[in-house]
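What you see below is based on every heavy atom in this structure, not just the backbone, and it leaves out hydrogens, waters and symmetry mates. As the structure is a computational prediction, the values presented were derived from the model and not from experiment. Chain letters run A, B, ... following the sequence lines, proteins first, then strands; residues in each count from 1.
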There are 2 protein chains.
Amino acid sequence: MADVAAHVGVSRQLVSLVLADKPGPNPRTRERVLRGAEDLGYRADTAAQLLRRARSRQLGVLFTMEHQLETHIVEALYPAAAEAGYELVLGALLPTRSERRAIDDLIGLRCEALILIGLAEQAPAHLAKVAEQVPVVEIAQYTGATGTDSVRTDDAAGVRAAVDHLVDLGHSDIVHVDGGELPGAAHRREGYLAAMRTNGITERAEVLSGDYTVESGVTAARTLLERDRLPTAVVAANDLCACGVVETLVRAGVRTPDDVSVAGYDDSRTASLPYLDLTTVHQDTGRMAEIAVRCAVERLDEGRTHDRVDVLEPALTIRSSTAPPTPER
Amino acid sequence: MADVAAHVGVSRQLVSLVLADKPGPNPRTRERVLRGAEDLGYRADTAAQLLRRARSRQLGVLFTMEHQLETHIVEALYPAAAEAGYELVLGALLPTRSERRAIDDLIGLRCEALILIGLAEQAPAHLAKVAEQVPVVEIAQYTGATGTDSVRTDDAAGVRAAVDHLVDLGHSDIVHVDGGELPGAAHRREGYLAAMRTNGITERAEVLSGDYTVESGVTAARTLLERDRLPTAVVAANDLCACGVVETLVRAGVRTPDDVSVAGYDDSRTASLPYLDLTTVHQDTGRMAEIAVRCAVERLDEGRTHDRVDVLEPALTIRSSTAPPTPER
DNA sequence: ACCTGGGATTAGCACGTGCCAATCCCGTGT
DNA sequence: ACACGGGATTGGCACGTGCTAATCCCAGGT
């Protein structure tokens, strides 16, 4: 910046004012400074800005790179943050890199708040401790740690909607392949059981264990295929699992939805593949991202101190993987 | 840091020495300082370190979040960078965020070099200009921009290996579904054509257009299904495309590999799904990551100035999606 | 001629750290 | 008793920027 100032023949401070687009500098001078900066290929030094500025206006985002849904959320976070006048700093959670390390890095970079996309296997154990230092917002996860906000979809309601949809179509033999102990899986399982109860078919309820992977869907489907009779419908804990179920059934000569209806969860890209075309539960990632940023902003700029928990209503996306059961031949 | 110093009762500078693990401080003092830092929950301020240090020892990584392969490469970059004593800073390339912006952000954060994972549709137009300022390494892409290093797999050789494998099995009706104008697609197409020529079956060569997506595999398979006779084997430009081909064929009652053998490319998670179990071409992401970091280090620490282009040999991973053709019934 | 006022510009400090040089302290040898 | 040496510790400056307050300059009114 000093170089630019010398090149134009003004003080460094004037250059600072011009580049920050602050009122004061004479339009003509402003023009000259901008030209000079361009000529010299000047780039602001973020490190120095960060050091000097009272506020960094940066939000840290912690995510794994494993799930498509996380990617969508990250993408949605960018415009939401920009809208609120914040930048995003990404921090990847990897097997080889401890969550602790990732969090420290982001805080070291002066992030004012952390947004944690909670699809990783374990939530940071010391979340409450971190929340003492900076606001923490969890997306798609609710650990209940104090000082933490949470935005998620009502997973129980989503699965209930899927089950209700199947019941409306005439199904009653509906099996659930769950997500084990992974985030959200408990809610989805409860939603399934609740819906089965409400529809008066509790005795038909059955939960097969899974883990949100295609492989777990394959395993579950194989278990079903070993039986004398297949259920007429399967509600999987997520789209990947549903995919595994469908593919395994198809290869065993069982057609979807003709023989068995299958529903997924998340409305990911997998769900909309033409040959799967899964009925699934849509999570509004855009809105989750907006609310997450809003939570951070409320704590940072508006002094909110109490915890906020937002639970969004999911929407059932009906596609062609579910249909009325065909009478047994 | 000053707080820690006051708390322990030593000078700030001593704290700096201890935390940087430099020789000098007395072991006992060192212990006390570390305890003090722990008590106060001290975290180094990266911004200040960056500002002060001559070197930032940070590498910027540009990637989209669209392809699994990119994720694998990013994961592999972390240990490679750590090995060389560098940190990674992630910069996401998104539709809503210009490459220009992403690059400026990373340079503003004082990244000493940029590693560009080249699966995005377009390479930054001003790459040569950027390379004047900081070393640039491209992974899985070769734009030929001056001042730029490139690490990629010999895609032509990979596809040749796949075709040769199929020919060895007895195939000659081998169709290629390509990746259009996307990065690497041209090489893969050429590899296919070259292998067909070498094996003396040029007249059987046929290229269907695609774009590395599952959908393009579906489209290609539908095109094939409309014909009187199917080819006996399909070599897809990547695993996703292969997946689309297989799924579409299966649903049309065509089995893999019994009726048609299908080979993919990338050895992604898709390829190893139990019901696909694709024969595919393995790219050594770990090694590409290591070399990419090495390229940056050579330019940064060892003064290399000439461009370096590394082409790795791929390895054919043979699974169950390819088999000898069954004589026509 | 002098004061006033306000737009334009500048000087100086501060942010938290790393590096260099200077200083302190204590045991040892003469 | 004094100089010496080396490990341990400290002071001061610099990095590039933003903010506050001060200064400059010039036109206009008295």
Assign A:Gln13 to base, sugar-phosphate, or nothing according to its heavy-atom contacts below 4.0 angstrom with the strands shown. base
Looking at D:dG18, I'd like to know if its phosphate oxygens (OP1 or OP2) sit under 4.0 Å from a side-chain N or O belonging to A:Ser16. yes
If you compare every side-chain N and O of A:Lys22 against the phosphate oxygens of D:dG18 (OP1, OP2), does one of them come in below 4.0 Å?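 Checking D:dG18 against A:Lys22, no side-chain N or O comes under 4.0 Å of OP1 or OP2.
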Check B:Gln58 against B:Tyr86 and note the closest heavy-atom contact, atom names and distance.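 Answer, listing the atom of B:Gln58 first, then B:Tyr86: N-CD2, 3.8 Å.
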B:Met1 has a side chain; which of D:dG16, C:dG18, D:dT10 sits nearest to it?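 Looking only at heavy atoms from C-beta outward on B:Met1, the closest nucleotide is C:dG18.
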Among C:dT9, D:dT17, D:dG11, which nucleotide has an atom closest to any side-chain atom of A:Pro25?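 Nearest listed nucleotide: C:dT9.
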Determine, for [X] against [Y], whether the closest basic-nitrogen to carboxylate-oxygen distance falls under 4.0 angstrom.
X: B:Arg308; Y: B:Glu298; result: yes
X: A:Asp149; Y: A:Arg304; result: yes
X: B:Asp301; Y: B:Arg55; result: yes

Ordered by number, residues from residues 27-41 of chain A within less than 4.0 Å of DNA chain D (heavy atoms) are none
Which whole-number value in Å describes the distance from [X] [atom1] to [N] [atom2]?
X: B:Leu51; N: D:dG18; atom1: CG; atom2: P; answer: 12 Å
X: B:Arg52; N: D:dG12; atom1: CZ; atom2: C1'; answer: 11 Å
X: A:Leu17; N: D:dT20; atom1: CG; atom2: P; answer: 12 Å
X: A:Arg53; N: D:dC19; atom1: CZ; atom2: C1'; answer: 12 Å
X: B:Leu14; N: C:dG18; atom1: CG; atom2: P; answer: 13 Å
X: B:Leu109; N: D:dT17; atom1: CG; atom2: C1'; answer: 15 Å
X: A:Leu50; N: C:dT17; atom1: CG; atom2: P; answer: 13 Å

Tell me which of A:Pro23 and A:Arg12 sits closer to the 5' end of DNA chain C, going by the nucleotide each one is nearest to.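 Here A:Pro23 is the residue nearer the 5' end.
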In A:Val4, A:Thr29, A:Leu17, the residue satisfying side-chain contact (heavy atoms from CB on, under 4.5 Å) with A:Val10 is A:Thr29
Among side-chain atoms of B:Glu138 and B:Ser150, is any donor-acceptor pair under 3.5 angstrom? no
Side-chain donor-acceptor contact under 3.5 Å, A:Thr64 with A:Glu70: yes
